[in-house]
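A quick write-up on the structure given underneath.
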Amino acid sequence: MEHNDQLRQLTYLIRAVRQQTRKVFYTQAAKHDLTEAWCLVLGVLHRQAPCALNQLATALHVSNSTASGIVERMCGAGLITKQRLPHNQRQIGISLTNAGKEAYENVERDYWEVLQPLRELPEGKLTQILKDQTMILETLEAINDDQ
């Protein structure tokens with residue numbers, strides 16, 4: 001197989017894997033009446049709260065205005081809260097409410113339960129896949145940085 005054909009096949013495969021994982025993620029989010037974006041916010045805030053709006057936007061790879069709209073809707077749904085940060089009264093910290101924590105835990109549990117068959121991959125194989133994917137990601141990021 002020609003090198004370009006292999007690269008084409010690789011990019012198609014990466015896209016297909018992404019589509020399938022998003023499909024699983026979306027299905028689990030919908031079961032809990034959440035959007036994909038809301039689940040991502042819950043995950044970020046579970047790992048790092050309180051979080052400033054610009055930090056949240058960076059973690060989600062969206063603009064501040066997009067993140068702001070998501071935050072407002074999630075506040076309205078009672079999943080997150082906004083409070084002034086004690087060390088910087090000009091900045092707002094975003095955190096999970098108890099309902100947000102519960103929603104995160106439910107989606108997280110269900111998501112990994114559905115993906116349980118992936119645990120059957122041999123550990124050495126999984127380690128190699130992770131190394132290879134990391135190398136591909138770093139190469140693509142460098143390509144994009146150079147453009």
Side-chain angles (χ1 to χ4, degrees), residues 7 9-147:
L7 290 176
Q9 186 176 3
L10 174 65
T11 58
Y12 290 160
L13 183 60
I14 290 169
R15 182 174 176 179
V17 168
R18 181 178 185 274
Q19 287 173 328
Q20 292 303 311
T21 54
R22 282 190 77 189
K23 187 175 180 180
V24 169
F25 189 74
Y26 177 81
T27 301
Q28 298 314 306
K31 282 184 186 177
H32 297 281
D33 296 321
L34 300 168
T35 67
E36 184 180 11
W38 285 23
C39 287
L40 294 172
V41 169
L42 293 174
V44 169
L45 295 177
H46 174 77
R47 290 182 296 279
Q48 176 188 342
C51 185
L53 182 67
N54 64 331
Q55 293 171 311
L56 183 61
T58 299
L60 298 174
H61 303 284
V62 298
S63 68
N64 282 358
S65 62
T66 297
S68 179
I70 294 169
V71 164
E72 290 306 316
R73 289 187 290 282
M74 290 182 74
C75 281
L79 296 171
I80 60 176
T81 185
K82 299 185 298 184
Q83 297 177 335
R84 297 230 176 255
L85 294 174
H87 62 278
N88 184 347
Q89 289 293 306
R90 292 178 293 148
Q91 200 168 33
I92 301 292
I94 305 161
S95 299
L96 294 174
T97 62
N98 287 336
K101 289 175 188 172
E102 184 178 334
Y104 170 79
E105 290 167 1
N106 290 335
V107 170
E108 182 79 357
R109 179 196 63 238
D110 291 354
Y111 180 70
W112 292 111
E113 186 176 305
V114 168
L115 292 177
Q116 184 67 25
L118 289 176
R119 289 183 180 260
E120 296 173 17
L121 290 170
E123 188 175 329
K125 184 70 167 171
L126 186 56
T127 301
Q128 188 58 51
I129 291 169
L130 290 170
K131 286 180 183 177
D132 293 344
Q133 290 289 312
T134 300
M135 181 182 65
I136 291 167
L137 175 61
E138 290 169 353
T139 302
L140 289 170
E141 287 173 340
I143 291 168
N144 283 316
D145 288 345
D146 291 343
Q147 289 187 17

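Everything numeric in this text was worked out from a predicted model, so none of it was measured.
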Exercise for the section: Take Met135 and Lys131 through the test side chain to side chain contact (heavy atoms under 4.5 Å, CB included) and record every step on the way to the result. Expected result: CA-CA 6 Å; Met135 181 182 65; Lys131 286 180 183 177; over 6 Å; no
Exercise for the section: Could you give me the CA-CA distance, side-chain angles and deciding distance for Leu60 and Thr66, then say whether side chain to side chain contact (heavy atoms under 4.5 Å, CB included) is met? Expected result: CA-CA 10 Å; Leu60 298 174; Thr66 297; over 6 Å; no
Handout entry: Derivation of the side chain to side chain contact (heavy atoms under 4.5 Å, CB included) call for Ile94 and Gln55
Key = CA-CA 10 Å; Ile94 305 161; Gln55 293 171 311; over 6 Å; no
Problem - Full working for side chain to side chain contact (heavy atoms under 4.5 Å, CB included) between Ile92 and Gln83 - result: CA-CA 5 Å; Ile92 301 292; Gln83 297 177 335; over 6 Å; no
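Ser68 places no side-chain N or O within 3.5 Å of a backbone atom of Asn64 that could act as its donor or acceptor partner.
Between Gly78 and Ala99 the shortest heavy-atom distance is O-CB, 3.7 Å. Between Lys82 and Cys75, the shortest heavy-atom distance links the atoms CG-SG, 3.7 Å. Counting all heavy atoms, side chain and backbone alike, Ala57 lies closest to Ser63 at CB-O, 3.8 Å. Minimum heavy-atom separation, Cys39 to Val107: SG-CG1, 3.8 Å.
Summarising the geometry, atom CD1 belonging to Ile14 is positioned 6.5 Å from atom CG belonging to Leu140; distances are rounded to the nearest 0.5 Å. To the nearest 0.5 Å, atom CD of residue Glu113 and atom CD of residue Glu108 are 12.5 Å apart. Taking CG of Leu45 as the reference point, atom OG1 of Thr97 lies at 10.0 Å (rounded to 0.5 Å). Of the inter-residue distances, the one linking Ile70 atom CD1 with Leu79 atom CG reads 12.5 Å to the nearest 0.5 angstrom. Between atom CD1 of residue Ile129 and atom NZ of residue Lys125 there is a gap of 5.5 Å, rounded to the nearest 0.5 Å.
Relative ring orientation between Tyr104 and His46 is described as parallel, the plane-to-plane angle staying below 30° on a 0-90° scale split at 30° and 60°.
Side-chain contact between Leu40 and His61 is absent, with no heavy atoms from C-beta onward closer than 4.5 Å. Contact check for Thr35 versus Arg73: no side-chain heavy atoms found under the 4.5 Å cut-off. Counting only heavy atoms from C-beta outward, the side chains of Met74 and Leu42 approach each other to under 4.5 Å. The shortest side-chain heavy-atom distance between Thr11 and Arg15 does not fall under the 4.5 Å cut-off. Looking only at side-chain heavy atoms (C-beta outward), Asn144 and Gln147 come within less than 4.5 Å of each other.
Within a 6.0 Å radius of CZ in Arg22, no more than 12 heavy atoms belonging to other residues, nucleotides or ligands are found.
Counted by atom type alone, Glu102 and Asn98 present zero donor-acceptor pairs between their side chains at under 3.5 Å. A donor-acceptor contact under 3.5 angstrom links the side chains of Arg119 and Gln116, judged on distance only.
Among the candidates Thr81, Ile80, Val44, the single residue satisfying the side chain to side chain contact (heavy atoms under 4.5 Å, CB included) test with Leu96 is Ile80.
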